[in-house]
Novice: 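The structure that follows is given in the form of structure tokens.
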Amino acid sequence: MFKIIVCIKQVPMVSELPWDSKTGTLKRELAQGMMDPASRRALEAALQIKEDRDDTHITVISMGPAMAREILYEAKALGADTGVLLSDRRMAGADTFLTSFILAEYIKKECPDFDLLLCGSQTSDSETAQVGPQLAGELLIPAMGYVQSIELANGMVRVQRHVDDFMEVLEMDLPGLLTIDQAAFGPRYVALEGIERAFQTDDICVVNAEDLGLDKNFNALKDSPTRIIDVYSPATRKENLVLKGAVKKVVGQLFDDYGKIISGAMGKDLKTHEHEGAK
Ligand SMILES: Cc1cc2nc3c(=O)[nH]c(=O)nc-3n(C[C@H](O)[C@H](O)[C@H](O)COP(=O)(O)OP(=O)(O)OC[C@H]3O[C@@H](n4cnc5c(N)ncnc54)[C@H](O)[C@@H]3O)c2cc1C
């Protein structure tokens, strides 16, 4: 059996993001939830492997409030075999460090013999891109990020990923973790028969802090080592400036005063070009 675990997070619909400024967390209970688009691509990668290999078993795990159960049913409707919800008030408010820790505690305890662990590259609501790499750290397994294609052979995985202007081909021993690039593995639609299958049995496994054997004083909100201090929309400042004078003088002034901004926008180092021109 080839065992794949996919970590999926429920995120609020992008159009509704109520924010609790006192606690620094999203009031996700007020927003409609959906499967994080990056997690959905990780699941799609697993489903494509399952299409190629009949002996594949996919476990989807989500840590979140009770309503996150919805995305586990969705994953099962798409073709996942087992759904697990890690949920407890004492896990709420976890930063990425404790999220990775809790996911790893479950995996070590209940499915230590997995072959491949898949995550999205970064979620649509918090976008830290930290959970995948940290989870690999917790489990002491190798990891590769922003993967765009996957080939499995002889206990190894061969992947391709886009880096700057290059495609990289890399190999990694299994078990290992991959985070899936946002541009790869376009998700499929949920088939009607899948929805029927997913709801035939109410078999999402719900695991709380006690089941996981977490310390009785464990409290993610309090124990998380990183905290959101503030979230705000940056104020934009617009000002118009008219440069007057001879063209050469005006262009010189423009580059002296705004060279850095212009080169950043053009993606070029203007100084380098100046030297190249002088040669
Ligand atoms: C009761 C409860 C309430 C919670 N409330 C919130 C909340 O209000 N806001 C919030 O952002 N988070 C909440 N969480 C979840 C947790 O705090 C976040 O998942 C975590 O901080 C992830 O950060 P990120 O989105 O930047 O992950 P990233 O590092 O950007 O995520 C990358 C990938 O890691 C995986 N991943 C990330 N988070 C999870 C997860 N929770 N479960 C499974 N896979 C995951 C996915 O594959 C994802 O695509 C809650 C958890 C619980 C138990």
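Both counts, for ligands and for their atoms, begin at 1 and track the order of listing. Residues take their numbers from the sequence shown, with the count starting at 1. Hydrogens, waters and symmetry mates are skipped; everything else that's a heavy atom, side chains included, is used.
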Novice: Need the ligand 1 atom indices (1-based, order shown) with element for anything under 4.0 Å from a heavy-atom of Asp125.
Specialist: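 Near Asp125, the atoms of ligand 1 are 11 (O), 25 (O).
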
Novice: Looking only at distances, can you tell me whether any N or O atom of Gly120, backbone or side chain, sits closer than 3.5 Å to an N or O atom of ligand 1?
Specialist: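 For ligand 1, there is an N or O atom that lies under 3.5 Å from one belonging to Gly120.
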
Novice: By number and element, which atoms of ligand 1 are closer than 4.0 Å to a non-hydrogen atom of Ile8?
Specialist: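 Selected atoms, number and element: 42 (N), 43 (C), 44 (N).
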
Novice: Check His57, Lys76, Glu110 against Thr82 for a side-chain hydrogen bond (donor to acceptor under 3.5 Å, both in side chains) and give me the one that passes.
Specialist: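 The passing option is His57.
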
Novice: For Thr96, check side chain to side chain contact (heavy atoms under 4.5 Å, CB included) against everything at least two apart and list the hits.
Specialist: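 Applying side chain to side chain contact (heavy atoms under 4.5 Å, CB included) to Thr96 gives Thr128, Gln130, Val131, Gln134.
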
Novice: Could you give the distance from CG (Leu98) to NZ (Lys222), rounded to the nearest 0.5 Å?
Specialist: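 Atom-to-atom, Leu98:CG and Lys222:NZ are 11.0 Å apart.
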
Novice: If we only consider heavy atoms of Ser39, is any one of them less than 4.0 Å away from an atom in ligand 1?
Specialist: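 In this structure, Ser39 qualifies as a contact of ligand 1 - some heavy atom is under 4.0 Å.
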
Novice: Would one find an N or O of Asp36, backbone or side chain, under 3.5 Å from an N or O of ligand 1?
Specialist: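 It does: an N or O of Asp36 is found under 3.5 Å from an N or O of ligand 1.
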
Novice: List every atom of ligand 1 that sits less than 4.0 Å from any heavy atom of Pro65, numbering the atoms from 1 in the order shown and giving each element.
Specialist: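 Answer for ligand 1: 1 (C), 2 (C), 3 (C).
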
Novice: Taking atom 26 (O) of ligand 1 as the point of reference, which of Asp95, Asn208, Thr128 owns the nearest heavy atom?
Specialist: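 Looking at heavy atoms only, Thr128 sits closest to atom 26 (O) of ligand 1.
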
Novice: Answer side chain, backbone, both or neither: which part of Glu127 comes under 4.0 Å from ligand 1, heavy atoms only.
Specialist: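 For Glu127, the contact with ligand 1 is made by the backbone alone.
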
Novice: Nearest non-hydrogen contact with atom 20 (C) of ligand 1 belongs to which option: Val84, Thr96, Thr99?
Specialist: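 Looking at heavy atoms only, the winner is Thr99.
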
Novice: Taking N or O atoms only and a 3.5 Å limit, does Ala94 qualify as a polar contact for ligand 1?
Specialist: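 Among all N and O atoms of Ala94, at least one is under 3.5 Å from an N or O of ligand 1.
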
Novice: Can you check which of Cys7, Ser62, Gly64 brings a heavy atom nearest to atom 51 (C) of ligand 1?
Specialist: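 Nearest heavy atom to atom 51 (C) of ligand 1 lies in Gly64.
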
Novice: State whether the shortest distance between N or O atoms of Gln122 and N or O atoms of ligand 1 falls below 3.5 angstrom.
Specialist: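 No, there is no polar N/O contact under 3.5 Å.
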
Novice: Distance under 4.0 Å to a non-hydrogen atom of Cys119: what atoms of ligand 1 satisfy this?
Specialist: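 Selected atoms, number and element: 47 (O).
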
Novice: Do other residues, nucleotides or ligands put more than 12 heavy atoms under 6.0 Å from the CD atom of Glu210?
Specialist: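 12 or below, so no.
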
Novice: CE/Met1 to OG1/Thr56 distance, rounded to the nearest 0.5 angstrom?
Specialist: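 Between atom CE of Met1 and atom OG1 of Thr56 there are 8.5 Å.
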
Novice: With heavy atoms of Gln130 as the reference, note each atom of ligand 1 found under 4.0 Å away.
Specialist: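 Numbered from 1, ligand 1 contributes 29 (O).
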
Novice: Could you tell me the separation between the CD1 atom of Ile150 and the CZ atom of Arg161, rounded to the nearest 0.5 Å?
Specialist: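 It is 13.0 Å, given to the nearest 0.5 Å.
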
Novice: Would you say Ile61 and ligand 1 have an N/O pair spaced under 3.5 Å apart?
Specialist: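 For ligand 1, there is no N or O atom that lies under 3.5 Å from one belonging to Ile61.
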
Novice: Please verify whether a non-hydrogen atom of Val6 lies at under 4.0 Å from ligand 1.
Specialist: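 Checking ligand 1 against Val6, which is what was asked, there is no heavy-atom contact under 4.0 Å.
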
Novice: Any carboxylate oxygen within less than 4.0 angstrom of a Lys/Arg side-chain nitrogen, looking at Glu44 and Arg41?
Specialist: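 Not counted as a salt bridge, because no side-chain N and carboxylate O are separated by less than 4.0 Å.
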
Novice: Evaluate whether atom CD of Glu196 has more than 12 neighbouring non-hydrogen atoms of other residues, nucleotides or ligands under 6.0 angstrom away.
Specialist: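 Result for CD/Glu196: open.
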
Novice: Working to the nearest 0.5 angstrom, can you tell me the gap between Leu152 CG and Asp52 CG?
Specialist: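 The distance works out to 8.5 Å.
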
Novice: Hey, is ligand 1 close enough to Met63 that some N/O pair sits below 3.5 Å?
Specialist: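 Min N/O separation from ligand 1 is below 3.5 Å for Met63.
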
Novice: If you count the atoms of ligand 1 from 1 in the order shown, which ones are under 4.0 Å from a heavy atom of Asp88?
Specialist: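 Contacts of ligand 1 toward Asp88, numbered from 1: 1 (C).
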
Novice: When rounded to the nearest 0.5 angstrom, what is the spacing between CG in Leu139 and NZ in Lys108?
Specialist: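 Here the interatomic distance stands at 6.5 Å.
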
Novice: Atoms of ligand 1 less than 4.0 Å from Ala129 heavy atoms?
Specialist: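 Selected atoms, number and element: 28 (P), 29 (O), 30 (O).
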
Novice: Kindly check if the number of other-residue, nucleotide or ligand heavy atoms within 6.0 Å of CZ (Phe218) is above 12?
Specialist: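 It does: Phe218 CZ has more than 12 such atoms within range.
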
Novice: Is any N or O atom of Ser87, backbone or side chain, closer than 3.5 Å to an N or O atom of ligand 1?
Specialist: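 In this structure, Ser87 places no N or O atom under 3.5 Å from an N or O of ligand 1.
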
Novice: Could you measure the distance from the OG1 atom of Thr123 to the CD atom of Gln182? Nearest 0.5 Å is fine.
Specialist: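 The CD atom of Gln182 is 9.0 Å from OG1 of Thr123, to the nearest 0.5 Å.
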
